[in-house]
Amino acid sequence: MSLTRETLQAAIKAKVVEIAAKTGDDASELGYEEIIPATGLIDSMGLLELLAWYEKTYAIPLAQEEITIDNLGSVTRMAEFALRRKGLA
């Protein structure tokens with residue numbers, strides 16, 4: 001998998017859409033800059049699932065202090081954080 005901002009954003013959004021669908025929500029219109037927890041599209045369990053998937057998929061272990069809105073709050077922020085952690089940004 002190529003690690004570009006665009007590919008990361010597409011994959012992260014697809015995962016949010018998948019998680020939201022499990023509870024009957026449609027996240028297909030989620031904007032890349034929207035703060036995911038504030039949208040209400042996924043619940044706390046969904047957020048945990050998203051973070052676990054993110055860590056595993058991108059081999060990025062997250063320290064508790066890194067799990068912030070600034071680092072991981074939106075699709076774009078998650079993509080940019082992964083690129084920084086991988087030394088690609």
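- Atom CD1 of Ile42 is separated from atom OG1 of Thr23 by 8.5 Å, given to the nearest 0.5 angstrom.
- Sorted by first and then second residue, the pairs that involve residues 43-56 and meet side-chain hydrogen bond (donor to acceptor under 3.5 Å, both in side chains), not counting sequence neighbours, are Lys22-Glu49, Trp53-Thr57.
- For Thr39, there are no side chain to side chain donor-acceptor pair (under 3.5 Å) partners, not counting sequence neighbours.
- For Asp26, the side-chain contact (heavy atoms from CB on, under 4.5 Å) partners two or more places apart in sequence, or in a different chain, are Ser28.
- Remark: Gln9 engages Arg5, Tyr32, Val75, Thr76, Ala79 in a side-chain contact (heavy atoms from CB on, under 4.5 Å) (not counting sequence neighbours).
- Val17 and Leu41 fall into different hydrophobic clusters, where Ile, Leu, Val, Met, Phe, Trp and Tyr side chains are chained together by heavy-atom contacts under 4.5 Å.
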Step-by-step side chain to side chain contact (heavy atoms under 4.5 Å, CB included) determination, Ile60 to Leu62
CA-CA 6 Å; Ile60 300 173; Leu62 295 170; 4.1 Å; yes
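- Across all their heavy atoms, Gly73 and Pro37 have their closest contact at O-CD, 3.7 Å.
- Remark: Lys13 pairs with no residue by the side chain to side chain donor-acceptor pair (under 3.5 Å) rule, at least two apart or across chains.
- For Ala63, the side-chain contact (heavy atoms from CB on, under 4.5 Å) partners are Glu65, Glu66, not counting sequence neighbours.
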Please walk me through it: do Leu51 and Leu72 pass side chain to side chain contact (heavy atoms under 4.5 Å, CB included)?
CA-CA 9 Å; Leu51 292 176; Leu72 304 167; 3.9 Å; yes
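- Chaining together hydrophobic side chains whose heavy atoms lie under 4.5 Å apart places Met45 alongside Leu48.
- Between the OG atom of Ser74 and the CD atom of Glu34 there is a distance of 9.5 Å, given to the nearest 0.5 Å.
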Derivation and outcome, side chain to side chain contact (heavy atoms under 4.5 Å, CB included), residues Arg77 and Asn71
CA-CA 6 Å; Arg77 290 177 188 185; Asn71 287 338; over 6 Å; no
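- Follow the hydrophobic side-chain contacts under 4.5 Å out from Ile35 and you never reach Val16; the two are in separate clusters.
- Contact record, Asp25 with Gly40: OD2-O, 4.2 Å, taken as the closest heavy-atom pair.
- When the side chains of ILVMFWY residues are joined at heavy-atom separations under 4.5 Å, either directly or via intervening members, Ile69 and Leu30 end up in two distinct hydrophobic clusters.
- Between the CD atom of Glu80 and the CZ atom of Arg85 there is a distance of 15.0 Å, given to the nearest 0.5 Å.
- In this structure, Met78 and Leu50 have side chains that are in contact, with non-hydrogen atoms separated by less than 4.5 Å.
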